[in-house]
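Every number for a ligand or one of its atoms is a count from 1 in the order of the listing. Since the structure is predicted, the reported quantities are computational estimates derived from the model, not experimental observations.
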Amino acid sequence: MILPIYIYGQPVLRKVTRDIDPGNYPNLKELISNMYETMYAADGVGLAGPQVGLEDRIFVVDLAPLASAEHPEFKDFKKAFINAHITDRSGEELLVEEGCLSLPGIHEKVPREDKICITYLDEDLQPHDETYEGYMARVIQHEYDHLDGIMFIDRLSPLRKRMIKGKLTNMEKGKVACDYKIKPVR
Ligand code: NI
């Protein structure tokens with residue numbers, strides 16, 4: 001089932017999420033399946049709980065659409081991250097363009113560290129403690145930020161923030177157009 005994606009201005013996008021109790025979370029598999037379906041329908045590569053209105057510590061990623069000769073490893077990078085916690089960030093800080101399904105029409109270069117360590121449960125509730133680098137680390141950090149109520153626009157320079165102010169004001173007023181199912185402010 002395709003869920004509506006919450007748009008900037010919706011308060012849930014600013015909430016710090018809580019760990020879920022995986023043994024006591026009805027329809028977890030169904031939720032994950034709906035999150036993938038919602039993400040694919042919107043041509044995204046990542047989607048976090050707050051973007052579908054949930055204050056739960058969960059996100060999904062599928063980098064397959066970005067697979068290339070240079071990055072064949074993206075083809076099989078489809079994962080759910082439950083109760084994710086980044087335990088270390090290191091490496092060079094790089095500026096790379098990002099977008100977000102909750103911020104339609106905004107694409108900006110975002111500074112992020114190049115390497116992370118993260119603990120999480122996968123969708124079969126198996127625990128993992130892994131290290132990621134490069135674009136994988138970037139996408140994970142973007143989605144992880146959503147779990148802490150942070151959006152990529154928060155990481156921009158004051159100048160770039162001023163440049164997108166008008167678009168954000170429109171979104172806060174519910175003025176937003178996109179070709180996927182959304183839940184605007186009003
Ligand atoms: Ni996002």
Note to self: Run the side-chain contact (heavy atoms from CB on, under 4.5 Å) test against E97 and tell me which residues pass, sequence neighbours left out.
What the structure shows: H107, K109

Item checked: Sub-2.8 Å protein N, O or S atoms surrounding the Ni ion (ligand 1) -> C100 SG, H142 NE2, H146 NE2

Item checked: Contacts of E93 that satisfy side-chain contact (heavy atoms from CB on, under 4.5 Å) - sequence neighbours left out -> P111

Next item on the list: Only pairs at least two apart or in different chains count here, so list each ring pair (Phe, Tyr, Trp, His ring centres under 6.0 Å) that has a residue in residues 41-66.
Entry: F59-F81

Check: For the side-chain contact (heavy atoms from CB on, under 4.5 Å) test, which of I32, L28, N34 pairs with E30?
Finding: N34

Checklist line | Y144 and H85 aromatic ring geometry - parallel, tilted or perpendicular at 30°/60° bounds | finding: perpendicular

Next item on the list: Indicate, with yes or no, if I116 and M136 share a hydrophobic cluster defined by side-chain heavy-atom contacts under 4.5 Å among Ile, Leu, Val, Met, Phe, Trp and Tyr.
Entry: yes

